[in-house]
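Input: a single structure, listed below in structure tokens.
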Amino acid sequence: MKIATWNVNSLKVRLPHVVDWLAANQPDALCLQELKCENSAFPLAEIEAAGYQAVFNGQKTYNGVAILTRQSLADVTHNIPGFADEQKRIIAGTLDGVRIVCGYFPNGQAVGSDKFAYKMAWLEALTAWLQDELKATPRLVLAGDYNVAPEDRDAHPDWKDEIHVSEPERAAFRRLINLGLTDAFRMFEQEERAFSWWDYRMGAFRRNFGLRIDHLLISAPLVEHCTACYTDKAPRKLERPSDHTPVVVELK
DNA sequence: ATGGCTTACGTGGTAAGA
């Protein structure tokens with residue numbers, strides 16, 4: 001099973017890239033973040049024409065998540081149960097016994113801000129919910145844009161802001177790991193300074209001035225089945241790219 | 001080397017992202 005995650009920064013703008021990427025890579029599931037469109041505007045016909053089904057949780061202008069699959073998902077969940085939130089950041093479904101959770105984690109803006117407090121509360125609610133999810137479905141993949149670079153090697157050395165690399169954010173990431181999850185990307189040898197996001201400005205991609213903030217965490221029963229995990233930088237080189245690359249995990 | 005992009009909304013200039 002091949003599962004990928006990709007923050008597309010507007011599905012409307014990136015739809016041609018998504019359709020091309022599906023054709024070229026044939027994932028079993030593609031988790032998307034930052035759709036930036038209402039459910040009524042979701043491009044379902046185009047996705048279906050590409051041979052995929054979709055479940056989605058969108059809103060106007062901001063946020064929004066979807067999972068595209070070739071086979072139907074079971075037990076689809078929208079948002080974190082019991083966590084009151086106007087922002088559409090979670091969708092989950094079960095594919096062939098694997099629980100796939102797709103998340104667009106809050107940005108946080110600046111350490112100490114109201115948005116940072118929301119980020120931390122959201123992470124706490126996610127962690128509590130996933131603890132239950134793992135009991136119900138031990139085979140689980142947590143895919144998405146975490147907006148956290150978990151270790152120093154996941155950020156360019158010249159990254160000066162605290163946001164995305166602060167200790168409270170990294171501690172929250174470790175609490176997810178401590179549920180029994182493994183960062184699939186780090187199971188395999190990777191190049192130095194391997195990132196998943198680069199700012200649009202200042203030639204950041206060309207200079208490889210980026211962060212690794214898009215992750216695929218897999219639960220313990222999946223670890224022995226995991227054969228590869230990698231980023232695909234090709235879409236970042238296209239015209240009008242998303243600022244994020246897809247990240248892919250392969251399970252056999 | 002951190003706003004110098006990009007997007008949505010809406011029709012000019014903000015807000016937000018990371």
Side-chain angles (χ1 to χ4, degrees), chain A residues 5-18 31-43 46 56-66 85-90 102-123 126 143-173 185 192-216 231 233 235-247:
Chain A
T5 182
W6 192 6
N7 178 325
V8 289
N9 184 20
S10 168
L11 182 55
K12 181 181 178 182
V13 174
R14 232 63 65 191
L15 185 60
H17 293 186
V18 171
C31 299
L32 300 176
Q33 301 88 37
E34 281 206 272
L35 307 181
K36 297 186 173 180
C37 73
E38 293 176 294
N39 289 336
S40 59
F42 189 91
E46 290 87 345
F56 42 89
N57 186 18
Q59 67 183 96
K60 192 175 180 181
T61 310
Y62 300 117
N63 310 312
V65 285
D85 192 354
E86 296 300 310
Q87 303 184 27
K88 308 304 187 190
R89 298 183 174 277
I90 287 285
C102 169
Y104 174 49
F105 294 33
N107 175 297
Q109 196 168 60
V111 175
S113 67
D114 289 350
K115 288 177 180 175
F116 189 79
Y118 165 70
K119 181 177 193 173
M120 299 308 295
W122 190 93
L123 282 161
L126 175 72
D145 175 359
Y146 287 53
N147 274 313
V148 178
E151 300 177 26
D152 286 346
R153 60 179 169 167
D154 299 314
H156 190 282
D158 293 338
W159 181 265
K160 296 302 181 199
D161 285 348
E162 287 185 288
I163 195 65
H164 310 302
V165 302
S166 75
E167 184 48 33
E169 291 165 90
R170 287 178 168 177
F173 184 90
F185 190 76
E192 300 255 324
R193 298 185 185 177
F195 304 130
S196 67
W197 168 87
W198 301 263
D199 201 297
Y200 284 122
R201 296 164 289 191
M202 297 172 295
F205 183 62
R206 176 179 48 77
R207 297 185 297 114
N208 195 30
F209 186 82
L211 299 173
R212 190 176 74 93
I213 53 178
D214 300 273
H215 306 298
L216 289 153
T231 60
K233 284 198 262 189
R236 189 64 177 81
K237 300 170 183 172
L238 300 170
E239 289 285 317
R240 285 188 89 181
S242 170
D243 42 358
H244 297 251
T245 56
V247 187

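Order of the sequence lines sets the chain letters (A, B, ...), proteins ahead of strands, with each chain counted from 1.
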Within the side chain of A:Arg14, is there an N or O that forms a donor-acceptor pair under 3.5 Å with the backbone of A:Val8?
-> yes

Taking atom C1' in both B:dG10 and B:dA15, compute the distance separating them and give it to the nearest angstrom.
-> 13 Å

Quick one: the dot-bracket string of DNA chain B, using Watson-Crick and G-U wobble pairs with both distances under 3.5 Å, [ ] for crossing pairs and | for bases paired to another strand.
-> ....(((((...))))).

Do the side chain of A:Lys119 and the main chain of A:Asn107 share a donor and acceptor less than 3.5 angstrom apart?
-> yes

Does any donor atom in the side chain of A:Lys36 or A:Asn9 lie under 3.5 Å from an acceptor atom in the other side chain?
-> yes

Should we say atom CD of A:Glu167 is surrounded by more than 12 heavy atoms from elsewhere, each under 6.0 Å from it?
-> yes

Measure the distance from NE2 on A:His17 to P on B:dT6 and round it to the nearest whole Å.
-> 13 Å

Contact pattern, 5' to 3', of nucleotides 11-18 of chain B - B, S or - by protein heavy atom under 4.0 Å = -----SBB

Atom P, compared across B:dA16 and B:dT2: separation rounded to whole Å = 23 Å

Who are the salt bridge (charged side-chain N to carboxylate O under 4.0 Å, His left out) partners of A:Asp152, not counting sequence neighbours?
-> A:Arg170

Is A:Arg207 touching bases, backbone alone, or none of the nucleic acid, heavy atoms closer than 4.0 Å?
-> base

Closer than 4.0 Å, any side-chain N/O of A:Arg14 to the OP1 or OP2 of B:dT6?
-> no

Distance-only side-chain donor-acceptor flag, A:Glu34 / A:Asn7, under 3.5 Å = yes

In this structure, which one of A:Thr245, A:Asp243, A:Asp214 forms a side-chain hydrogen bond (donor to acceptor under 3.5 Å, both in side chains) with A:Trp197?
-> A:Asp243

Taking the six-membered ring where the residue is Trp, are the ring centres of A:His215 and A:Phe173 under 6.0 Å apart?
-> yes

A:Leu15 CG to B:dT7 P: how many Å, rounded?
-> 14 Å

Can you tell me, in whole Å, how much space there is between the P of B:dG12 and that of B:dA1?
-> 40 Å

Value in whole Å for how far the P atom of B:dA1 lies from CZ of A:Phe209 = 10 Å

Same-atom distance (P) from B:dT11 to B:dT6, integer angstrom | 23 Å

Check whether any side-chain nitrogen or oxygen of A:Arg240 sits under 4.0 Å from OP1 or OP2 of B:dC5, and answer yes or no.
-> no

Just one of A:Leu11, A:Asp145, A:Thr5 clears the side chain to side chain contact (heavy atoms under 4.5 Å, CB included) bar with A:Leu32, so which one?
-> A:Leu11

Pick the C1' atom in B:dG4 and in B:dA18, then give their distance to the nearest Å.
-> 15 Å

